[in-house]
Protein chains: 2
Amino acid sequence: MSDKRKIAEAAIVRLSVYNRALGEIEKEGLEIISSDELGDRIGYHATQIRKDLSCFGEFGEVGKGYFVRDLRDAISRILGVDRKWNVALAGAGHLGSALLAYPGFRQRGFNIVAVFDNDLAKIGKKWEGIVIQDTSELAKTVKEQDIRIGIIAVSPQVSQEIVDTLTSCGVRAILNFAPASITVGEGVELRNVDLATELECLSYFLTNEAEVRTEVLRKIKNNNGEGG
Amino acid sequence: MSDKRKIAEAAIVRLSVYNRALGEIEKEGLEIISSDELGDRIGYHATQIRKDLSCFGEFGEVGKGYFVRDLRDAISRILGVDRKWNVALAGAGHLGSALLAYPGFRQRGFNIVAVFDNDLAKIGKKWEGIVIQDTSELAKTVKEQDIRIGIIAVSPQVSQEIVDTLTSCGVRAILNFAPASITVGEGVELRNVDLATELECLSYFLTNEAEVRTEVLRKIKNNNGEGG
DNA sequence: CGGATGTTGTGATAAATTTCACAATATTAG
DNA sequence: CTAATATTGTGAAATTTATCACAACATCCG
Ligand SMILES: NC(=O)c1ccc[n+]([C@@H]2O[C@H](COP(=O)([O-])OP(=O)(O)OC[C@H]3O[C@@H](n4cnc5c(N)ncnc54)[C@H](O)[C@@H]3O)[C@@H](O)[C@H]2O)c1
Ligand SMILES: NC(=O)c1ccc[n+]([C@@H]2O[C@H](COP(=O)([O-])OP(=O)(O)OC[C@H]3O[C@@H](n4cnc5c(N)ncnc54)[C@H](O)[C@@H]3O)[C@@H](O)[C@H]2O)c1
């Protein structure tokens, strides 16, 4: 019943997880997989998977399952990763250089084609085949290179400023690592990755372990699995 | 109505966001803030904030708002970050070294006190004051240093193995950066940060921009703000 | 003092999301 | 061919999460 209007963000995240898992399954040589087995591997209910997919079409074969390759292609199309995206990286510090060095992004179609910094010691240097540019060149480069996605790996103090520069150049998708409350205009998608928040969630869990354990036991009694 | 039993994970993430924002507000010199203004700054409804807090107690003053410092202390206690946590880092590669160099974790009470790798060229070297150890020493070190949290920054192929080693040593909280479907036993909290997934969500948004725009317009008509 | 205003905490309500239940259909074994 | 088994896609139900609405109370200002 292909209807893209009411797709939950959480469902999109799951599609990406399905895709990664399908990649692993493909490597193992499996050609067909049921929603049940896929769910087992990644810790979701089979119905969740089928429901998520049903928003976009029918990809399975009744009584059989899903052709791994076909489903992967379908999800890739849905996510828009059946193409290349040019990405700009702002901030060539510790985190920025790790991101730049990571081959996984390119493998998935995300090419970091430009890196910006304001540190004169870095500007002009070539890292991973890319010359680090001054932030003043951002607007020009974004247009020239058709950059659609920006990654923020600068200090929190300047993150909003860099986001504004990027969006004013037409960048409509931003992945932010700076622990700051960034705001963007409508039509711009912002995703925040706050690693301190991740650790704080773990701290909460450890601090409140007993209560959580009770919850886990209740869930197990109701025959639920691991949550991923 | 202090009842920690039915707290949604999403609420915990928000508490962490509130705390970071309160830190910024404190730096600005503000001593009191209303849920309304806090909500404006971080893109949540005031009622969401009040509801989240109400699970843990009453922290505000009617007609006045919240004392910034007091609320921050209260949330820190709730999250369990009113203390220090010793953290182990597995994988001293590109990402691992960025995490190790980041002062923000220590500032928030998360001390990376041990780093493990299996690369002979790295083992024995001292980074940021910490000697990189062979993974075979993990069990001993985890006990000696009272390590409660593990960070996985090794390749996906070995990530499950390292997770198993950590949990078998009693580590009950794991932050995983490897793009793999990790499973953990009950009583262990696992948080996955998959950066490729983050980019794929942005790709989805860009690919389906038109539909999303419609959605945004609908929300604005209903007086909703930015989602953060 | 008293009315206007501001703000919290929370029960009730609404909305979103997940899970259940099952019809429909394919496959397999005999 | 038929019965047994497997699996999808989806409407309905259940559950979870977010928002609304408002009583209760504090503060401000004349
Ligand atoms: N390193 C981590 O593990 C980690 C973890 C969590 C969050 N973060 C966040 O990610 C961001 C980057 O972290 P990092 O460790 O790489 O910091 P870093 O200090 O190593 O790097 C920041 C880089 O940004 C550059 N920069 C500063 N102002 C700039 C500007 N106006 N224009 C362009 N470039 C500018 C600096 O020159 C530097 O190269 C920070 O906001 C940090 O809080 C990092
Ligand atoms: N670098 C990034 O920006 C980035 C982005 C997304 C995901 N990741 C994921 O994070 C993880 C680390 O990425 P990276 O870029 O730092 O990789 P990397 O190759 O630079 O580092 C991996 C490190 O793990 C060590 N290692 C390998 N096997 C080990 C074992 N059995 N025991 C102990 N150590 C072992 C290696 O020696 C190496 O030092 C990977 O799973 C990667 O997919 C990284």
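As the structure is a prediction and not an experimental result, all values here were calculated from the model. Values reported hereafter were calculated over all heavy atoms of this structure, with side chains retained and with hydrogens, waters and symmetry mates removed. By convention in this document, chain letters (A, B, ...) are assigned in the order of the sequence lines, proteins followed by strands, and residues within each chain are numbered from 1.
- Atom pair B/Glu61:CD and D/dC25:C1' shows a separation of 11 Å (rounding to whole Å applied).
- In this structure, the nucleotide among D/dC20, C/dT18, D/dG9 sitting nearest to the side chain of B/His45 is D/dC20.
- Listed by residue number, the members of residues 62-70 of chain B with any heavy atom below 4.0 angstrom from DNA chain C are B/Val62, B/Gly63, B/Lys64, B/Gly65, B/Tyr66.
- Judged as a side chain to side chain donor-acceptor pair (under 3.5 Å), and not counting sequence neighbours, the contacts of B/Asp194 are A/Arg20, B/Thr197.
- Interface residues of residues 24-40 of chain A facing DNA chain D, ordered by number: A/Ser34, A/Ser35; criterion, heavy-atom separation under 4.0 Å.
- Taking for each of A/Arg14 and A/Thr47 the nucleotide of DNA chain C with the nearest heavy atom, the 5'-most of the two is the partner of A/Arg14.
- Going from atom CZ of A/Phe56 over to atom P of D/dT8 covers 18 Å, rounded to whole Å.
- Every residue meeting the side chain to side chain donor-acceptor pair (under 3.5 Å) condition with B/Asp146, not counting sequence neighbours, appears here in chain and number order: B/Arg148.
- Remark: A/Thr167 pairs with A/Val163, A/Arg172, A/Ile174, A/Val188 by the side-chain contact (heavy atoms from CB on, under 4.5 Å) rule, at least two apart or across chains.
- Looking at the side chain of A/Ser54, the nearest of the listed nucleotides C/dG9, D/dG9, C/dT19 is D/dG9.
- With sequence neighbours excluded, no residue forms a side-chain contact (heavy atoms from CB on, under 4.5 Å) with A/Glu31.
- Distance NZ (B/Lys51) to P (C/dA14): 14 Å, rounded to an integer number of Å.
- The pair A/Arg14-A/Asp52 meets the salt-bridge criterion, since a charged nitrogen lies less than 4.0 angstrom from a carboxylate oxygen.
- Proximity of A/Gln48 to the phosphate of C/dT19: a side-chain N or O atom is located under 4.0 Å from OP1 or OP2.
- Among residues two or more places apart in sequence or in another chain, the side chain to side chain donor-acceptor pair (under 3.5 Å) test is passed with B/Arg69 by B/Glu26.
- At the phosphate of C/dG9, neither OP1 nor OP2 sits under 4.0 Å from any side-chain N or O atom of B/Arg50.
- With sequence neighbours excluded, the residues that form a ring-ring contact (aromatic ring centres under 6.0 Å, His included) with A/Tyr102 are A/Phe105.
- Distance from the side chain of B/Ala8 is smallest for D/dT17 among the nucleotides C/dT8, D/dT17, C/dT17.
- As rounded to whole Å, 16 Å separates atom C1' of D/dT10 from atom CD1 of A/Ile49.
- Atom CG in A/Asp52 sits about 10 Å away from atom C1' in C/dT17, given to the nearest Å.
- Among residues two or more places apart in sequence or in another chain, the side chain to side chain donor-acceptor pair (under 3.5 Å) test is passed with B/Ser35 by B/Arg50.
- The pair B/Glu200-A/Arg191 does not meet the salt-bridge criterion, since no charged nitrogen lies less than 4.0 angstrom from a carboxylate oxygen.
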